[in-house]
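One structure below.
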Amino acid sequence: MSRALVAGAGIDGLAAALALHGRGYEVIVFEAVRELRPLGVGINLLPHGTQALHGMGLADALDRTGIRTRAIEYRTRYGHVIASDPRGTEAGFEHPQYSIHRGALQMILHDAVVERIGGGAVRAGMRLDGFSQDASGVRARFVGADGTTVEAQGDLLVGADGFHSRVRRILHPAEGPAHAEGMMMYRGALETTPFGDGRTMFIAGNHDLKFVCYPISEEARRRGRAVVNWVAEIRHDRPRPATEADWADRGERDFIDRFRGFRMPDIDVVSLMESTETVLEYPMIDRDPLGSWGQGRVTLLGDAAHPMYPIGANGASQAVVDAVALGEHLASASTIAEGLAAYEADRLPKTSAVVLANRNAGPEQVLDIADARLTGPDDRVDDLIAPHEVEAVASRYRRIAGFTRRSE
Ligand SMILES: Cc1cc2nc3c(=O)[nH]c(=O)nc-3n(C[C@H](O)[C@H](O)[C@H](O)COP(=O)(O)OP(=O)(O)OC[C@H]3O[C@@H](n4cnc5c(N)ncnc54)[C@H](O)[C@@H]3O)c2cc1C
C-alpha cells in the first residue's frame, strides 16, 4: 500500500486525507498546532465544493451543521437589493451551497478521518520543516513543539499547509512577497435573532467599504435563532502585512465607525459588530499564480497552492475540489509522479483563473456598478443596475469558478 504524507490538517489537508484513503492510500496528516481547535468564523461551500464533500459521505453532517444558503443579495449601503442570486439547489444546481463555521467544517472532516483511518492518522504538534525525495520515495522532517525532530517516509508528500506554506517556500524559494491591495477584513459571529428568511446572505456597499453577513448554524436556526457571521472589509491606510496574517483578535474596533451610514432594513449592522466579543482580523491577501506547483512526489493543495481573496466564496470550495481531483488523478496514473503532474495540469489553470477573477471583485462587480450610480436612500433600484448587467457578471464568474448550470 502506498503511503501519503500530508502537511496541514486544515480543511484541505483533511479532505485530501479522506480522498486518498478512499483511493487505497495509507495516509498520515501532520499538523503544526498542538491541538486542533475549531478556529475561525464562517465560510461558504459552493455547489462544486459541496459535491466533493457529499461524495465523501459527509452530506448528513453538513446538513446538521451548516445552513443551506437560499440566496445571496447584493445591496447598496442603504439596503437597496440590486441583485438577488439564488444559490445551490434553489438555483438549479444538483448540490446545495452551505454557509458554515470554518472550525465546525474542520471538525467534521477531522472526525471522519479519525473514524475511517484511525486515531493515529492525525499527528498534531508536528510542523513540517523540510523534505527530500528520490526514486524510492520522499522523506519529510517534522519539528515537534518541544523541538524534537521526527522523520517520516512516504511515497508522496502533499503540502496542505495553508497561506504561509513551508512546502511551497521550499519548492519555490524565489517567489516574491504576497500580493495585497490594502484591504483589511474584520470578522465575527454572534448569536442573535434571524434576519430575512434565515437562509439568505447579503453583501452591501462597494469594493472599498463592504459588509458581508450570513447565518452559519443549522442548530441555531432550528431553535428559531441565528448565528450571524459578518465580515467588514475596509480599504486601510495601514493594512497589516501578509507576514502577520494570523486570524487573531487584536482589539481593533475603530473600523466600526466607517459603517455608521449603512442602513439595512432587516439588521442593524453597527450594533451587530459592537456586540460581538471576538473580532478576527485578517488582511486581504493572495499570491500570484505559480507556473508550476510540485516536483516529482511532492505537490501543493488549497491555500498552499492558490491562496485567493475570499471573494466569491471560493477558498474552501476550490480546496476540497483539489482534494478529490488529487485522488482521481493518482488513481488513474501509472506512477505517483505522473498522477501528481496530471492533477497539477488539471487544477493549476482553473484555480489561477479564480485567483485573478477574485482580484477583479469576482461576482461582486455588481456592487461597484450600482455604487457608481448611487445618490441616496431614495434612489430606485432600476436606476442603479439593469438585469442584464447583473446576469453578465454572475454567469462570467460561474464559468471561471467551475460551477456552471447545466444550461450554461
Ligand atoms: C486558524 C484559521 C482560521 C481561519 N478562519 C477563516 C474564516 O473565518 N473564514 C474564512 O473564509 N477562512 C478562514 N481561514 C482560511 C480557510 O480555512 C482557507 O482559506 C481554506 O479553507 C483553505 O484551507 P487550507 O486547508 O488550504 O488552509 P488552512 O485552513 O489555512 O489550513 C492549513 C493548516 O496547515 C497547518 N500548517 C501550517 N504550516 C504547517 C507546517 N509547516 N506543517 C504542518 N502543518 C502546518 C495550519 O496550522 C493549518 O491547520 C482560516 C484559516 C486558519 C488557519
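Whatever order the structure lists them in is the order used to number ligands and atoms, beginning at 1.
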Taking atom 30 (O) of ligand 1 as the point of reference, which of G40, G8, G162, G49 owns the nearest heavy atom?
-> G162

Numbered in order shown, the ligand 1 atoms found under 4.0 Å of a heavy atom of I43 are 9 (N), 10 (C), 11 (O), 12 (N)

Hey, is the main chain of T200 close enough, under 3.5 Å, to the side chain of R87 for a donor-acceptor pair?
-> no

With a 4.0 Å heavy-atom cut-off (strictly under), which part of H164 contacts ligand 1: side chain, backbone, both or neither?
-> neither

Which of parallel (below 30°), tilted (30 to 60°) and perpendicular (above 60°) describes H95 and H54?
-> perpendicular

From the options A316, A160, A248, A124, select the one whose nearest heavy atom is closest to atom 32 (C) of ligand 1.
-> A160

If you measure from each heavy atom of G42 to ligand 1, is any distance below 4.0 Å?
-> yes

Relative to the ring of Y282, is the ring of F163 parallel (under 30°), tilted (30 to 60°) or perpendicular (over 60°)?
-> perpendicular

Check W247, F255, F211 against Y186 for a ring-ring contact (aromatic ring centres under 6.0 Å, His included) and give me the one that passes.
-> F255

Have a look at A32, G188, A9 and point out the one with the heavy atom closest to atom 43 (C) of ligand 1.
-> A32

Near R127, which atoms of ligand 1 are under 4.0 Å from a heavy atom of that residue?
-> 38 (N), 40 (C), 41 (N), 42 (N)

With heavy atoms of G302 as the reference, note each atom of ligand 1 found under 4.0 Å away.
-> 26 (O)

One finds that the ligand 1 atoms under 4.0 Å from a non-hydrogen atom of F30 are 43 (C), 44 (N)

The reported gap from CG in L272 to CE in M264 (rounded to nearest 0.5 angstrom) is 12.0 Å

Heavy atoms from other residues, nucleotides or ligands near CZ of R222 exceed 12 (cutoff 6.0 Å) = no

Among F195, Y214, F262, which one satisfies ring-ring contact (aromatic ring centres under 6.0 Å, His included) with F202?
-> F195

Which one of R123, H101, R102 has a non-hydrogen atom at the shortest distance from atom 16 (C) of ligand 1?
-> R102

Do any nitrogen or oxygen atoms of V33 lie less than 3.5 angstrom from nitrogen or oxygen atoms of ligand 1?
-> no

For M126, the ligand 1 atoms with a heavy-atom partner under 4.0 Å come out as 43 (C)

Contact check: Q106 vs ligand 1, nitrogen or oxygen atoms, below 3.5 angstrom = no

Is the side chain of Q106 donor-acceptor paired with the backbone N or O of A9 at a distance under 3.5 Å, no angle test?
-> yes

Quick one: does M308 get within less than 4.0 Å of ligand 1, heavy atoms only?
-> no

Among all protein heavy atoms, pick the one closest to atom 31 (O) of ligand 1 and tell me residue, atom and distance.
-> G10 CA, 3.5 Å

